[in-house]
Asks: 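Just dropping this structure here.
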Amino acid sequence: MNKDKIDSLIDIWLDTVSRTEVGWPKESMLAKFMMYRGSFQDTKQSSGLEKFLDKQIKTHAKFGDIHVALHELDESKALAIIAKRYYRGLNAHNKTYTNKDRASKIGQRLRQFENNVSKAYSAISKTLELLEKRQNIS
C-alpha cells in the first residue's frame with residue numbers, strides 16, 4: 001500500500017477524532033490520542049469516546065481500518081505518523097512545519113521521528129493489506 005493512501009486514511013482518522021467531543025478537555029490532538037490509548041488499554045469499562053468510536057468503526061470502514069492499524073503500532077510510531085499528518089501548513093511563526101518541528105512537538109529527536117514514521121508506514125501497510133485479505137475472504 002502506498003504512502004499517499006495511508007496519508008489519506010490517517011487524515012480520515014484525524015478528521016473523525018477531531019470532531020469527537022466526548023468530554024475531552026481542549027487539548028492537542030496528540031494529547032487526546034495518548035489519553036484515548038491509555039484509557040482503552042487500562043480499563044475494561046467503556047468510555048463515551050470508545051462507544052462513539054465503536055459506532056464509527058461500524059459506519060465508516062476506512063476509519064475502522066486505519067483505527068485498527070494505528071492501534072497495532074507502538075505509541076512512539078503512532079505519535080510520529082499522526083504528527084506528520086497533523087502538523088502541516090504554517091506554524092506560529094508563519095513558517096512551514098518541518099520534520100524537526102514535528103519531532104519536537106511530540107518529544108522525539110529528529111532521527112528517531114523519521115525512523116518511527118518510516119516503520120509506521122511499513123507496519124500500517126502490512127496491517128491494511130491483512131485486513132483487505134480478510135475482507136475478501138469473508
Side-chain angles (χ1 to χ4, degrees):
M1 181 156 303
N2 67 30
K3 289 182 179 183
D4 290 337
K5 179 153 179 139
I6 292 171
D7 287 346
S8 175
L9 291 172
I10 291 172
D11 290 344
I12 288 170
W13 187 87
L14 282 168
D15 182 55
T16 303
V17 173
S18 67
R19 289 185 284 129
T20 306
E21 297 297 330
V22 187
W24 268 340
K26 300 287 183 197
E27 292 189 33
S28 73
M29 178 59 54
L30 297 175
K32 291 178 183 180
F33 176 71
M34 290 186 316
M35 284 173 50
Y36 171 70
R37 283 181 63 96
S39 70
F40 182 78
Q41 293 173 350
D42 295 341
T43 182
K44 299 290 182 201
Q45 184 178 7
S46 295
S47 70
L49 176 62
E50 290 165 1
K51 291 175 187 174
F52 177 82
L53 291 176
D54 286 343
K55 181 179 176 187
Q56 287 293 55
I57 289 170
K58 292 175 186 166
T59 59
H60 198 310
K62 290 181 180 181
F63 175 83
D65 289 349
I66 193 63
H67 182 70
V68 168
L70 287 170
H71 254 21
E72 293 294 316
L73 296 175
D74 295 337
E75 186 173 318
S76 60
K77 291 173 186 65
L79 288 174
I81 199 159
I82 289 170
K84 180 181 181 290
R85 299 304 301 163
Y86 184 72
Y87 293 110
R88 292 180 292 164
L90 300 178
N91 62 22
H93 304 292
N94 286 331
K95 297 193 179 200
T96 304
Y97 278 106
T98 64
N99 280 347
K100 186 176 181 180
D101 296 331
R102 294 176 185 111
S104 173
K105 288 277 190 188
I106 62 170
Q108 295 181 8
R109 295 180 319 277
L110 177 59
R111 179 168 268 168
Q112 178 187 26
F113 172 81
E114 291 173 342
N115 188 38
N116 283 337
V117 168
S118 177
K119 287 182 179 180
Y121 274 121
S122 177
I124 288 172
S125 179
K126 287 178 185 176
T127 302
L128 293 175
E129 287 171 9
L130 178 62
L131 289 172
E132 193 173 301
K133 285 179 184 177
R134 282 190 184 164
Q135 289 172 356
N136 290 339
I137 292 173
S138 299

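As the structure is a prediction and not an experimental result, all values here were calculated from the model. Positions are given from 1, in the same order as the sequence printed here.
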Asks: So, Ser125 side chain and Tyr121 main chain: donor-acceptor pair closer than 3.5 Å or not?
Replies: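 Flag not set: sc Ser125 to bb Tyr121 has no pair under 3.5 Å.
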
Asks: Please confirm whether the backbone N or O of Lys5 pairs with a side-chain atom of Asn2, one donor and one acceptor, at under 3.5 Å?
Replies: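 Checked: pair present.
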
Asks: Rounded to the nearest 0.5 Å, what separation is found between the CD atom of Gln108 and the CD1 atom of Ile106?
Replies: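 Result: 3.5 Å between the selected atoms.
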
Asks: Indicate every side-chain donor-acceptor pair of residues 89-96 with a distance under 3.5 Å to a residue at least two apart or in another chain.
Replies:
from	atom 1	to	atom 2	distance (Å)
Asn91	OD1	His93	N	2.9
Asn91	OD1	Asn94	N	3.3
Asn91	OD1	Lys95	N	3.1

Asks: Supply the atom-to-atom distance Asn99 CG to Ser104 OG, rounded to the nearest 0.5 angstrom.
Replies: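 Answer rounded to 0.5 Å: 12.0 Å.
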
Asks: Any side-chain to backbone donor/acceptor pair from Glu72 onto Thr127? Under 3.5 Å, distance only.
Replies: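 Side chain of Glu72 to backbone of Thr127: no pair is present.
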
Asks: For the atom pair NZ (Lys3) and OG (Ser8), what is the distance rounded to the nearest 0.5 Å?
Replies: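 OG of Ser8 is found 15.5 Å from NZ of Lys3.
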
Asks: Looking at every heavy atom in both Phe113 and Ala83, which two are closest together, and how far apart are they?
Replies: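 Smallest heavy-atom distance, with atoms named: CE1-CB, 4.2 Å.
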
Asks: In terms of ring plane angle, is the pair His67 and Trp13 parallel, tilted or perpendicular, where the classes change at 30° and 60°?
Replies: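 Ring orientation of His67 relative to Trp13: parallel.
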
Asks: Is it the case that the side chain of Gln112 and the backbone of Arg109 share a donor-acceptor pair, with hydrogens and angles ignored and the cut-off at 3.5 Å?
Replies: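 Such a contact is found between Gln112 side chain and Arg109 backbone.
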
Asks: Between CD of Glu114 and NZ of Lys84, what distance do you get to the nearest 0.5 Å?
Replies: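 Rounded to the nearest 0.5 Å, the CD-NZ separation comes to 10.5 Å.
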
Asks: Hey, what do you get for CD1 (Ile6) to CD1 (Ile81), rounding to the nearest 0.5 Å?
Replies: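 Reported value, rounded in 0.5 Å steps: 6.0 Å.
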
Asks: Would the distance check show the side chain of Arg102 and the main-chain N or O of Tyr87 forming a donor-acceptor pair, the cut-off being under 3.5 Å?
Replies: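 Yes; judged by distance alone, with no hydrogens or angles, the pair exists.
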
Asks: Indicate the atoms forming the closest heavy-atom contact of Leu73 with Ala123, along with that distance.
Replies: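 Of all heavy-atom pairs spanning Leu73 and Ala123, the closest is CD2-CB, 3.5 Å.
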
Asks: Is there a side chain to side chain donor-acceptor pair (under 3.5 Å) between Thr98 and Asp101? Walk through the geometry before answering.
Replies: CA-CA 5 Å; Thr98 64; Asp101 296 331; 3.2 Å; yes

Asks: Is the shortest side-chain N to carboxylate O distance from Asp11 to Arg88 below 4.0 Å?
Replies: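 Yes, charged N to carboxylate O under 4.0 Å.
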
Asks: Assess whether side chain to side chain contact (heavy atoms under 4.5 Å, CB included) is satisfied between Leu128 and Leu9, documenting all intermediate values.
Replies: CA-CA 10 Å; Leu128 293 175; Leu9 291 172; 3.5 Å; yes

Asks: From the options Leu70, Val68, Asp65, select the one residue that forms a side chain to side chain contact (heavy atoms under 4.5 Å, CB included) with Ile124.
Replies: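 Of the listed residues Leu70, Val68, Asp65, the side chain to side chain contact (heavy atoms under 4.5 Å, CB included) partner of Ile124 is Leu70.
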
